[in-house]
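First the structure, in the form of structure tokens, and then the observations on it.
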Amino acid sequence: MKKSKGKVWSLILILIMIVFLVPLLYMLSMSFRTADNMYSPSLFVKGMTIHNYVKVIKENPNLIKNFFSSGFVTATTVVLVTICSTMAVFGFSRKNVHGKVLIYNMLLCTLMVPISGLVIPLTQINNKLGLIDNYFGLIFPYVALGIPFAITILQGFMVAIPQELEEAAIVDGCGTVRLFIQIICPMLKPGIVVIVIWQFLTSWNEFFLALCTMTDVTKQTLPLVAQQYNGAYFSQPGALFAALTIVTIPTLIFYVIVQKQFVKGLTAGAVKG
């Protein structure tokens, strides 16, 4: 009976997986099509070619620089969000900070505001600060918008850490900095893995703010490369989907590598104790 139920659930999960994979497979199929069979409703067609990828690479000599821009912005954002959020959670949970409840609730309120609604004011701020065509014009907003979500995730892990462990370390002569680095951070590792993965995917794929901030083609991030192949009067579906595939591949590889840690981190945060 248990084996039968297991087979049924496996079949259901396979069907769900296929449903979610169809858009990715269709994007991949479109990137290899020629102009003749571009709009065929079939998932797989005859006469596929790599011409679209060659076209994207040839028409974008700054593709390597764009890749570096995305990597630098994403890596810096992930590091800053991780450091700031872990320190903030430690302060909110263990230190008697004046007004910490109000500060924590205000940070949570920012989760309700989508980044698309902040593009215009953020662009104006970047313009006044001279951060247009500057990597930090993206890094600072990404960090500011990523910290509240990271704090929300890490708070559940922080509550599960027994205070007796910290008190024992203090009795043994452990200072605040050492306590945070050697005791708290290792205990928060599952949650840190979750926010690292989430922030990586969010920063890598962000488009609207990058479109308004980065006008220099040598400093643009990868998602902006695909934008030039789509428009009301200029549309190249094959090249567009080829560019989208190039943008998607690094995130897929990254997620495949760390997906076990991501799942473990989410399930660990769902159980207290």
Side-chain angles (χ1 to χ4, degrees), residues 56 59-92 97 99 102-154 192 194-231 234 240 243-244 246-251 254:
V56 171
E59 292 183 353
N60 294 275
N62 298 309
L63 194 62
I64 301 299
K65 293 182 180 179
N66 299 141
F67 186 89
F68 170 79
S69 297
S70 289
F72 177 76
V73 170
T74 302
T76 307
T77 301
V78 169
V79 171
L80 291 177
V81 168
T82 303
I83 294 174
C84 294
S85 59
T86 50
M87 294 175 63
V89 166
F90 179 64
F92 285 138
V97 181
L102 177 62
I103 298 173
Y104 181 74
N105 290 330
M106 290 180 64
L107 286 173
L108 294 183
C109 288
T110 62
L111 294 174
M112 297 183 291
V113 183
I115 190 172
S116 57
L118 300 174
V119 168
I120 294 178
L122 285 175
T123 304
Q124 292 177 340
I125 293 174
N126 285 336
N127 187 33
K128 290 182 179 180
L129 295 177
L131 295 179
I132 298 296
D133 289 329
N134 190 308
Y135 293 134
F136 288 98
L138 295 179
I139 292 173
F140 289 151
Y142 291 170
V143 171
L145 295 172
I147 287 176
F149 177 80
I151 290 176
T152 305
I153 296 296
L154 291 176
I192 291 175
V194 173
I195 64 175
V196 165
I197 298 170
W198 183 268
Q199 191 61 47
F200 176 89
L201 298 176
T202 303
S203 301
W204 184 275
N205 294 318
E206 200 282 322
F207 176 80
F208 290 110
L209 183 59
L211 178 65
C212 297
T213 303
M214 294 299 184
T215 59
D216 187 350
V217 293
T218 62
K219 294 184 178 181
Q220 290 181 340
T221 54
L222 276 181
L224 300 181
V225 175
Q227 186 258 348
Q228 62 181 302
Y229 296 104
N230 187 36
F234 183 75
L240 172 62
L244 291 174
I246 293 174
V247 174
T248 306
I249 287 176
T251 59
F254 179 77

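Residues: numbered from 1 along the sequence shown.
- Put simply, OG1 on Thr251 and CZ on Phe254 are 10.0 Å apart, with the number rounded to the nearest 0.5 Å.
- Phe92 has its side chain within reach of Leu107: a pair of non-hydrogen atoms, C-beta onward, lies under 4.5 Å apart.
- The side-chain hydrogen bond (donor to acceptor under 3.5 Å, both in side chains) pairs that include a residue from residues 203-223 are Asp133-Thr215, Tyr142-Glu206, Gln199-Ser203, Asp216-Thr218, where partners are two or more places apart or lie in different chains.
- Across all their heavy atoms, Ile151 and Ala88 have their closest contact at CD1-CB, 3.8 Å.
- Residues Thr202 and Leu145 have side chains not in contact (no heavy-atom distance under 4.5 Å, counting atoms from C-beta outward).
- Nearest heavy-atom pair, Leu240 versus Ala226, reported as atom, atom and distance to 0.1 Å: CD1-O, 3.2 Å.
- Within the model, atoms CG of Leu118 and CD1 of Ile125 stand 9.0 Å from one another, a figure rounded to the nearest 0.5 Å.
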**Report entry** side chain to side chain contact (heavy atoms under 4.5 Å, CB included) assessment of Asn134 paired with Leu129
**Finding:** CA-CA 10 Å; Asn134 190 308; Leu129 295 177; over 6 Å; no
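- Atom CZ of Phe136 sits about 8.0 Å away from atom CG of Leu80, to the nearest 0.5 Å.
- Of all heavy-atom pairs spanning Pro148 and Thr110, the tightest one is CG-OG1, 3.0 Å.
- Considering every non-hydrogen atom in both Leu222 and Phe67, the closest pair reads CD1-CD1, 3.5 Å.
- Pairs passing the side-chain hydrogen bond (donor to acceptor under 3.5 Å, both in side chains) check and including a residue from residues 66-83, sequence neighbours excluded, read Ser69-Tyr135.
- Note that the NZ atom of Lys128 and the OG1 atom of Thr123 stand 12.5 Å from one another [nearest 0.5 Å].
- Between Ile195 and Ser85 there is a side-chain heavy-atom pair separated by less than 4.5 Å.
- Side-chain contact between Leu138 and Leu209 is present, with at least one heavy-atom pair separated by less than 4.5 Å.
- Enclosure of atom CD1 in Ile120 is not indicated, since only 12 or fewer non-hydrogen atoms of other residues, nucleotides or ligands lie within 6.0 angstrom.
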**Report entry** Worked check of side chain to side chain contact (heavy atoms under 4.5 Å, CB included) between Val247 and Val225
**Finding:** CA-CA 9 Å; Val247 174; Val225 175; 5.6 Å; no
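- Atom CZ of Phe208 is surrounded by 12 or fewer heavy atoms from other residues, nucleotides or ligands within 6.0 Å.
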